[in-house]
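Residue numbers begin at 1 in each chain, while the letters A, B, ... track the order of the sequences. Note that these values count all heavy atoms, side chains included, but never hydrogens, waters or copies made by symmetry. Note that the structure is predicted; figures quoted are calculated from it, not measured.
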Protein chains: 2
Amino acid sequence: MDTTQRTEQQQSADRRRRELLEAADRVVLRDGPHASMNAIAAEAGITKPILYRHFGDKGGLYAALGKRHTDALLDSLRAALDAPAERRERVEATLDTYLAAIEARPQVYRFLMHPAEGSQGEAGFDVGKHSAPLLRRMGEELAQVIAERLDLGPGSEQLARVWGHGIVGMMHAAGDWWLGERPCSRAELVRSLADLLWGRLAAAGDKVGGPGF
Amino acid sequence: MDTTQRTEQQQSADRRRRELLEAADRVVLRDGPHASMNAIAAEAGITKPILYRHFGDKGGLYAALGKRHTDALLDSLRAALDAPAERRERVEATLDTYLAAIEARPQVYRFLMHPAEGSQGEAGFDVGKHSAPLLRRMGEELAQVIAERLDLGPGSEQLARVWGHGIVGMMHAAGDWWLGERPCSRAELVRSLADLLWGRLAAAGDKVGGPGF
DNA sequence: ACGTACATGTTACTTGCGGTAACACGAGTG
DNA sequence: CACTCGTGTTACCGCAAGTAACATGTACGT
């Protein structure tokens with residue numbers, strides 16, 4: 001039949017696509033985001049045009065690659081956010097999940113966020129535009145959770161979205177900085193961020209002698 | 001004398017450098033970050049090797065370009081942060097200054113932050129790694145201000161740095177999202193972010209029937 | 001006046017990558 | 001057996017980064 005044929009072919013094409021993605025994953029994680037299409041094709045045991053037949057262009061490949069990791073990360077975040085516990089505890093668990101993920105596989109993180117600066121300290125310059133997708137998706141998801149579960153009064157819809165993106169950005173920037181400098185333990189970082197979210201900034205007193213922030 | 005010679009040459013070289021930077025600025029802001037070195041050289045009325053003599057490589061040029069804008073932005077932020085007013089008011093003024101800047105010149109912002117996706121909806125892919133420098137610098141500056149002026153008890157040094165980078169990340173991500181979707185006025189955005197910083201997240205009540213965040 | 005040193009500029013090239021066209025092989029089907 | 005279609009290859013194009021080698025003006029020491 002036509003349909004069965006199509007299905008078989010589709011399945012085989014999908015398997016192939018997954019294999020190619022895994023090969024690309026290996027190369028990108030080994031060589032950094034500067035990996036050339038030639039290198040990826042070589043790792044997969046084939047040549048360039050096949051990659052292009054599957055993914056269109058390099059952007060397509062990187063987008064597919066990014067989506068895999070993004071989906072995985074979002075799944076763990078959702079799990080942490082859905083755990084049965086107090087709100088602050090869940091917030092801390094979510095922050096910790098994210099930070100643990102970028103700590104465990106910094107290569108993946110660097111690829112997703114700012115794919116420049118390959119492993120070597122080269123003056124590399126090429127980058128993907130993945131950060132936006134990941135950050136945006138996380139922001140939107142968090143906004144939805146906030147809007148669903150929190151009672152924020154009038155304008156809650158918009159407030160939730162601002163907060164979603166804002167909190168995600170806070171987590172992202174702090175995590176990025178922390179990953180580079182490692183100025184403290186993950187637990188301390190989580191606590192500090194949660195404290196910030198919990199209003200300690202507003203509650204803090206001015207230092208003696210100064211104008212206070 | 002030798003020194004006077006060196007000085008005169010240095011001065012002329014500096015003038016030239018500034019001219020080149022301004023030309024590069026025009027091209028980048030017109031063509032997006034995909035601008036080729038050839039195009040920039042042409043705009044400046046000269047040819048490629050001269051650019052390379054002045055800036056080493058494209059990264060050097062873009063770094064110099066980024067530094068100009070970054071310095072300017074940081075100056076306005078410092079001014080807003082130093083204004084004589086209540087803390088929350090100053091925080092709002094600073095947020096507003098940043099958002100006003102990215103609103104007024106989105107081209108510059110896009111170049112500094114994620115220089116991909118040129119004005120045309122191309123599948124563009126090349127990017128600079130400028131976001132890190134700008135975000136890092138803003139984070140560190142804010143951290144210093146917090147540490148200097150706020151009384152945060154033990155561990156205040158680290159706490160201030162986490163908060164600095166976290167707040168900057170919040171501002172950045174929210175601003176980036178807002179700039180793309182324009183879901184509300186700038187003033188509303190500022191208010192929402194300040195509310196988040198002021199602990200409204202912690203103070204919000206759970207929605208009826210749900211587990212509450 | 002003349003060669004020397006140096007800054008400033010150019011042309012023409014190499015290298016490397018993204019992307020594509022054209023061709024080659026193998027298997028199932030009338 | 002011819003036909004097609006999926007899968008693969010080689011060989012190429014275009015373009016941008018970066019460089020080598022060469023030209024030219026100008027101040028200086030002798």
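- Note: B/His172 NE2 to B/Leu134 CG = 9.0 Å, rounded to the nearest 0.5 Å.
- Taking atom NE2 of residue B/His34 and atom P of nucleotide D/dA17, one finds them 12 Å apart after rounding to whole Å.
- Side-chain atoms of B/Arg90 come within 3.5 Å of backbone N or O of B/Ala85 as a donor-acceptor pair.
- Although no hydrogens or angles enter the test, the distance criterion places no donor-acceptor pair under 3.5 Å between the side chain of A/Arg26 and the main chain of A/Ala44.
- Summarising the geometry, the separation between CD1 on A/Ile46 and P on C/dA24 is reported as 21 Å, rounded to the nearest angstrom.
- For the pair B/Arg200 (side chain) and A/Leu152 (backbone), a donor-acceptor distance under 3.5 Å is present.
- A salt bridge links A/Arg136 with B/Asp176: at least one charged nitrogen is closer than 4.0 Å to a carboxylate oxygen.
- Of the residues in residues 37-45 of chain B, those with a non-hydrogen atom less than 4.0 angstrom from any atom of DNA chain D are B/Met37.
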Using a cutoff of under 3.5 Å, can you pull out all pairs of nitrogen or oxygen atoms linking the protein to nucleotides 20-23 of chain C, with atom names and distances?
none

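- Look at CZ on B/Phe55: it is 16 Å from P on D/dT19, rounded to the nearest Å.
- As a whole-Å value, the separation of A/Lys58 NZ from D/dG14 P is 21 Å.
- Rotation axes derived from the C1' atoms of the five outermost pairs at either end of the helix from C/dA1-D/dT30 to C/dG30-D/dC1 lie 30° apart, to the nearest 10°.
- A salt bridge links B/Asp71 with B/Arg137: the closest approach of a Lys/Arg side-chain nitrogen to an acidic carboxylate oxygen falls below 4.0 angstrom.
- Side-chain rings of B/Tyr62 and B/Phe55 stay apart, their centers remaining 6.0 Å or farther from each other.
- Between B/Asp14 and B/Arg17 there is no salt bridge, since none of the side-chain N atoms of the basic residue sits less than 4.0 Å from a carboxylate O of the acidic one.
- Taking atom CD1 on B/Ile50 and atom C1' on D/dA17, their separation rounds to 17 Å, with Å as the unit.
- Computed from coordinates, the B/Leu51 CG to D/dA16 P distance equals 15 Å when rounded to whole Å.
- The distance from atom NE2 of B/His54 to atom P of D/dG18 is 16 Å, rounded to the nearest whole Å.
- Salt-bridge formation is not detected for the pair B/Glu92/B/Arg191: no Lys NZ or Arg NE/NH1/NH2 atom is positioned less than 4.0 Å from an Asp or Glu carboxylate oxygen.
- Listed candidates were C/dC17, C/dG9, D/dA17. Nearest to the side chain of B/Arg16 is C/dG9.
- Remark: C1' of C/dG19 and CG of A/Leu61 are 13 Å apart, rounded to the nearest angstrom.
- Both cation-pi conditions hold for B/Arg182 and B/Trp178: the charged atom is under 6.0 angstrom from the six-membered ring centre and inside a 45 degree cone around its axis.
- Within the 3.5 Å criterion, the main-chain N or O of A/Val27 finds no donor-acceptor partner in the side chain of A/Glu43.
- The side chain of A/Thr47 contributes an N or O atom lying less than 4.0 Å from OP1 or OP2 of D/dT9.
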